[in-house]
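Protein chains get the first letters and strands the later ones, always in sequence-line order, with residue 1 at the start of each.
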2 protein chains.
Amino acid sequence: MDPNSPQTASVTVADVARKAGVSKATAARVLGGYGTVSDRVRDAVTAAARALDYRPNELARSMTTGRSGTIGVVVGDIENPFFSLAMRGITDVARQAGFTVILINSGEDVSAEKAAIRTLIAKRVDGLIVSPAKETDVEHLREVVGSGRPLALLDRGINAFEVDTVIADDRQAAEGVTRQLIALGHRHIAYLTACDTPDHLFRTPGDINTGSVRRRIEGFLSTCREAGLGPVEHWIHMGAVIPEQTRQIAERLLEAKDRPTAIIASDSVIGLEVFKTSRAIGLAIPDDLSLISFHDADWTAVTSPPVTVVRQPVYQLGEMAARLLVERLNGFAGPGREVVLQTEFVERASISSAPSLPR
Amino acid sequence: MDPNSPQTASVTVADVARKAGVSKATAARVLGGYGTVSDRVRDAVTAAARALDYRPNELARSMTTGRSGTIGVVVGDIENPFFSLAMRGITDVARQAGFTVILINSGEDVSAEKAAIRTLIAKRVDGLIVSPAKETDVEHLREVVGSGRPLALLDRGINAFEVDTVIADDRQAAEGVTRQLIALGHRHIAYLTACDTPDHLFRTPGDINTGSVRRRIEGFLSTCREAGLGPVEHWIHMGAVIPEQTRQIAERLLEAKDRPTAIIASDSVIGLEVFKTSRAIGLAIPDDLSLISFHDADWTAVTSPPVTVVRQPVYQLGEMAARLLVERLNGFAGPGREVVLQTEFVERASISSAPSLPR
DNA sequence: TTTTAAATTGAGACCGGTCTCATTGGCTTT
DNA sequence: AAAGCCAATGAGACCGGTCTCAATTTAAAA
């Protein structure tokens, strides 16, 4: 009676039906918006529902329809601005299409990713968007596809089987910035990434599990080789996972006799730490060291000097992944699509022609 | 038969039971891990489940247990570093406690917030964490509490009814930074916030709907008044919602004859824009203008000069909110708790003694 | 060995919706 | 007025689990 009293047991269609004096089936038709009902009955049921403050149970609905209206998203780390911005793109599209989003962080750990996917399938999500931690360990992704659920991959692709994939043109971007540095006279360029191998040594791009990074490194390597530079394999530095590690790598690198005259940072967290470290060491940017970073984080525009970056369409990446997924959810059944979004080279004052180093 | 064949219809307990030669009830006991079963039967069922690649349907389970194992989170904007970091804290705690998280952005819009909460209740989330857009419009939150679902508020409190609330000591922090600026000789300090009123004019703290900001402004106002400064109400500038608006406000402010000698930015997005604008106008920080920002975003440490900030324990804010909620979910039924986490004053080179302005 | 308690197991209701199928009544067609 | 159709409604199965309750088996106690 009292509308403010705590509703312990929730109101069901049966309750509404009883109050409206119709059958459960009819009440369900009105409440669920399907089938045909007379206006008189519709009004009665609607009124009863309002009076009882009826709240549909989406869970029960999902049971019979088989659709949960939910999309599962597995990303490395929502704290990372890259993922949080992509996530915004995903949620915006999902919401508009009538889906809610369940978010799980994998921490870039494959076993956590597997557990996440298992959980999401148990929750009967209608589809998944995953940013796979490793491109070499994807059996769990294959299972998703096998279960008949649409899957879209974000920022990292799997060539092994057909799914929708959205990536940026990392390879071209890397080629572009590398070419630019070479044109400025740089003959020793270091590339820093968080990716790692067991022995922390880079041999071939095949060692790199993260697709976006692998593509960048391929672009970097091929451009350097074209220009006849070497030994380019030793210019790739791995394991810059946390700022402290990045700092150590940067210090070792910049204090060496044959230090690089330019550094490409694979993400803005690394870029920031390189910036700090070079300042701490006393190297001036860009006179002593040129710096280019992937991802145009906020801070890159306000440092002195501001940092040259490769701007990725991060929001659009998430948006597109969600869009492709929603299309599948709405019945599209064509072959797997790969969408490559363009990056933008934002040139700022952190690069200049190479200094002549003492030998 | 073929384990790689697409599983169209999913395997149910009944299927497993049939294969194991036991009743549905017994198979369910093994699979659900409840009741008592003999080892022999357990093995048989487990083997059958493995052979069929049985995947539990969490939805069906939720139907009878009434618990969905899901927490709903409503934040202003996941793209904002503040929320994404808090979200990380929430998801970490939730995952460890065995819950998954559904995320919805409200865009700081109350009607979107209402829709979000309605959706989450329809999905039968076990509990909610909300960062309410407005503290004055909270009937929908009251309904959540009325429905018997635990609710925890993040960063913004509602005094109206008892729920768990986690906030930072914004008031004290604001008092501290204001006192500091006054001690440095500043007699005209501007405070910029994204909050707004219909006519963009500030009158009393009661106009501010966002709790954290209101508390800061209260601290700012009282400290200024104690020091005998005025007209302090005119020093509060509202509506800095997007960078462009912030720039306009900052320009108008800094180009005026009686410009402030210090600015307090209510968040790092505003702080960044003020920094850019003052540089564009040609005002030197800190000689011409002192700048303090709330939220120690990445970039604040690398600008020239680096920016003095109030560091909020953002991750911990989310962590604590989730922790309080999980406690309730596990049966805790005490009165609403308010947790206030300490902020930290990080003094950097962006503040100095006030310049003497021409009159 | 008989009695008693405890452990196992099966049958079936139930959660709250959806959906099929059969029934009823009104309206059109000829 | 009889036949034919379609809209409106109700009864009840079903989704895939959980859980109660009674029946049966097994182990422990007397």
Listed partners of [X] passing side-chain hydrogen bond (donor to acceptor under 3.5 Å, both in side chains), at least two apart:
X         : value
Glu135(B) : Arg214(B)
Glu327(A) : Arg337(A)
Thr65(B)  : none
Arg124(B) : none

Only distances under 3.5 Å count here; give the side-chain donor-acceptor pairs of residues 30-48 of chain B to other protein atoms, sequence neighbours excluded, each with its distance to 0.1 Å.
from     : atom 1 : to       : atom 2 : distance (Å)
Ser38(B) : OG     : Val41(B) : N      : 3.4
Arg42(B) : NH2    : Val37(B) : O      : 3.4
Thr46(B) : OG1    : Arg42(B) : O      : 2.6

Could you list the protein-to-nucleotides 22-27 of chain D atom pairs, N/O on both sides, closer than 3.5 Å?
none

Using salt bridge (Lys or Arg N to Asp or Glu O under 4.0 Å) as the criterion, list what pairs up with [X], not counting sequence neighbours.
X         : result
Arg149(A) : none
Asp92(A)  : Arg88(A)
Asp137(B) : Lys114(B)

Please compare Arg42(B) and Thr64(B) by the position of their nearest nucleotide in DNA chain C and report the one closer to 5'. Arg42(B)
What pairs with Ser23(A) under side-chain contact (heavy atoms from CB on, under 4.5 Å), at least two apart in sequence or on another chain? Ala25(A), Thr26(A)
Heavy atom of residues 28-40 of chain B under 4.0 Å from DNA chain C: which residues? Arg29(B), Thr36(B), Val37(B), Ser38(B)
Measuring to OP1 and OP2 of dG10(D), would you say a side-chain N or O of Ser23(A) lies under 4.0 angstrom away? yes
For the helix from dT1(C)-dA30(D) to dT30(C)-dA1(D), figure out the bend between the end axes, five pairs an end, and round to 10 degrees. 30°
